[in-house]
Amino acid sequence: MSKQMQNATNLYLRGIRDGHIDEVLENYMGDSYTQHSTGVKDGKAGFKEFFQDFHKRNPERDIQIVRTFEDGPYVFQHVYQNLNGGQAQWITTDIFRADDQGRIVEHWDVIDAYPQNKPAVDPLFGDFQIEDEDQTEQNKAKIRLFLTYVMQNHDYTRFNDFVKDNYVEHDVASSLDYLKDNDVTYDFVFKVLGQGNYVVSYSQVTIAGTAYAMFDIFRLEDGKIAEHWVNKEVMPKRSELSNSGKF
C-alpha cells in the first residue's frame, strides 16, 4: 500500500472511526487541508471541530472501506458507515489529494443514506479486485467518451457501444429508461480517476430539475462497462456552505 493510500485509510479508520483526531492532524495530513465536504469547515481546525462533535453524537462507529484505489496524487474510497447500532447507515464516496510526501491536503466527498430496505442488488457491497492495470488510461478515456456522448449529449443510441449487455447495475436511477424519463444531464464532469479496471467520475448532475454532486463508479471488462455504482447528494445552496463548495 502506498504512503498516500495508507494515510487516507488511517484518516478514515484511525481518525473518523477510532477517534484519534490529533493523530490524523499530526501524521496523515499535510500542513494545509482544503475541505469540500458539506457542513465541514475548511482547514485542519475545521476537521477537528466537526469530528469531535461527530464522535460525541455517534459513540458507536462501524466503518468499512469497501473499495479503494489511487491515480497519481489522488486516492478514491467507497465506504460504509454504520452508526450507533444501525440508527444511521451511510454510503460515502471520497477523493483525497496528497502532497509529494503522501500527506493528505484536500478532500471531496458525497454522502447518501444506505437503504433501510436493501434492494436485490446491493448499492455498495460486492467483490473488488483491481485488474488490467496496463489498461488504466484506455478505460478512463472510454468513460470520458461515455459521459460526453451519452450522459451530456443524450445520444442514447450509443449506450450499448459502452455498456455490456449483461452489466450489473447497482442503482436503478442509472438505467437507460430512467435516464430518458428524468432528463438526467451531466452539467460538468469535475474529475475522472482510475486504476486498472475501475474508473470513477465526480460530476454535477441534474436529475428532473434537481442538481446533485454525484460519483459514478465503473468496473470495465474488455473496454466496456460491466458494473456500475452511484452515490449522489443534493447540491447545497451557496449560503449553506462552510467551505469553498463541493467542487
Side-chain angles (χ1 to χ4, degrees), residues 1-14 16 28-30 34 36-37 63-81 91-112 122-148 150-151 162-164 167-171 174 186 188-203 205 213-232 246-247:
M1 184 180 293
S2 70
K3 187 67 173 178
Q4 64 187 26
M5 185 176 286
Q6 186 66 62
N7 284 340
T9 299
N10 283 336
L11 186 152
Y12 241 120
L13 300 185
R14 293 290 296 161
I16 298 173
Y28 314 133
M29 283 185 182
T34 303
H36 300 276
S37 181
I63 296 177
Q64 303 173 39
I65 298 173
V66 179
R67 293 173 189 86
T68 185
F69 66 77
E70 57 190 333
D71 184 350
Y74 298 100
V75 176
F76 168 76
Q77 295 189 327
H78 200 185
V79 179
Y80 171 70
Q81 296 191 32
I91 299 171
T92 69
T93 34
D94 301 79
I95 294 173
F96 298 96
R97 181 174 66 85
D99 64 16
D100 57 6
Q101 298 181 55
R103 301 175 302 180
I104 305 304
V105 294
E106 192 165 11
H107 170 248
W108 299 262
D109 74 4
V110 161
I111 302 174
D112 197 9
D122 192 279
L124 172 62
F125 292 102
D127 294 338
F128 176 70
Q129 184 173 351
I130 294 174
E131 301 174 345
D132 305 324
E133 293 202 52
D134 60 327
Q135 298 176 32
T136 295
E137 294 307 318
Q138 298 97 303
N139 285 336
K140 288 166 63 177
K142 182 62 67 75
I143 292 303
R144 288 191 185 97
L145 290 174
F146 172 74
L147 295 172
T148 298
V150 178
M151 309 308 283
F162 298 95
V163 179
K164 292 174 72 73
Y167 88 112
V168 178
E169 178 58 73
H170 293 263
D171 187 273
S174 299
Y186 280 54
F188 65 88
V189 177
F190 178 64
K191 287 194 183 299
V192 175
L193 305 175
Q195 185 177 4
N197 57 330
Y198 280 86
V199 177
V200 163
S201 64
Y202 182 38
S203 315
V205 180
M214 190 158 97
F215 276 91
D216 290 271
I217 303 99
F218 304 93
R219 182 178 63 82
L220 290 90
E221 290 179 0
D222 303 321
K224 282 193 170 186
I225 297 165
E227 196 165 6
H228 175 238
W229 299 258
V230 165
N231 205 37
K232 64 183 184 294
K246 297 300 289 183
F247 301 98

S.K.: With a 4.5 Å limit on heavy-atom distance, are the side chains of D216 and M214 in contact?
M.R.: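 SC-SC contact between D216 and M214 confirmed.
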
S.K.: Within the 4.5 Å heavy-atom criterion, are K224 and V163 side-chain neighbours or not?
M.R.: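 Side chain of K224 against side chain of V163, heavy atoms only: no contact under 4.5 Å found.
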
S.K.: Using only atom types and a distance under 3.5 Å, with no angle test, would you say the side chain of E169 pairs donor to acceptor with the backbone of D171?
M.R.: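 Judged by distance alone, yes, a pair lies under 3.5 Å.
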
S.K.: Specify the closest pair of heavy atoms between V110 and Y202, including all atoms of both residues, with the distance to one decimal.
M.R.: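 Shortest heavy-atom contact: CG2-CE1, 3.6 Å.
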
S.K.: Below 4.5 Å, heavy atoms only, C-beta onward: do D71 and V192 meet side chain to side chain?
M.R.: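 No. Closest side-chain heavy atoms not under 4.5 Å.
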
S.K.: Can any side-chain N or O of D132 pair as donor or acceptor with the backbone N or O of Q135 at less than 3.5 Å?
M.R.: no

S.K.: I'd like to know if the side chain of E106 reaches the main chain of T34, judged simply by a donor and an acceptor atom lying under 3.5 Å from each other, with no hydrogens or angles considered.
M.R.: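 No; judged by distance alone, with no hydrogens or angles, the pair does not exist.
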
S.K.: Do the side chains of I217 and H78 get nearer than 4.5 Å, heavy atoms only?
M.R.: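 Yes; the side chains approach each other to less than 4.5 Å.
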
S.K.: For Q77, does its backbone N or O pair with a side-chain atom of T68 as donor and acceptor, under 3.5 Å?
M.R.: no

S.K.: Look only at the side chain of D112 and the backbone of I91, and say whether a donor-acceptor pair between them is shorter than 3.5 Å.
M.R.: no

S.K.: Would you find a donor on one side and an acceptor on the other, under 3.5 Å apart, between the side chain of D99 and the backbone of R103?
M.R.: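 Indeed, once roles are kept as given, a pair shorter than 3.5 Å links the two residues.
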
S.K.: Tell me, please, which residues at least two apart from E221 pass salt bridge (Lys or Arg N to Asp or Glu O under 4.0 Å).
M.R.: K164, R219

S.K.: Check for a donor-acceptor pair, side chain of K142 on one end and backbone N or O of G223 on the other, with a separation under 3.5 Å.
M.R.: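 Yes, the answer is positive, given that a donor and an acceptor are paired below the 3.5 Å cut-off.
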
S.K.: Does the Lys NZ or Arg CZ of K191 fall within the cation-pi geometry relative to W108 - under 6.0 Å from the ring centre and within 45° of the axis?
M.R.: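 Yes, cation above the ring, under 6.0 Å and within 45°.
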
S.K.: Quick check on side chain to side chain contact (heavy atoms under 4.5 Å, CB included): which of Y12, F76, F215 does D94 satisfy it with?
M.R.: Y12

S.K.: Quick one: list whatever passes side-chain contact (heavy atoms from CB on, under 4.5 Å) with F128, sequence neighbours left out.
M.R.: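 By the side-chain contact (heavy atoms from CB on, under 4.5 Å) rule, F128 matches R67, I130, Y198.
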
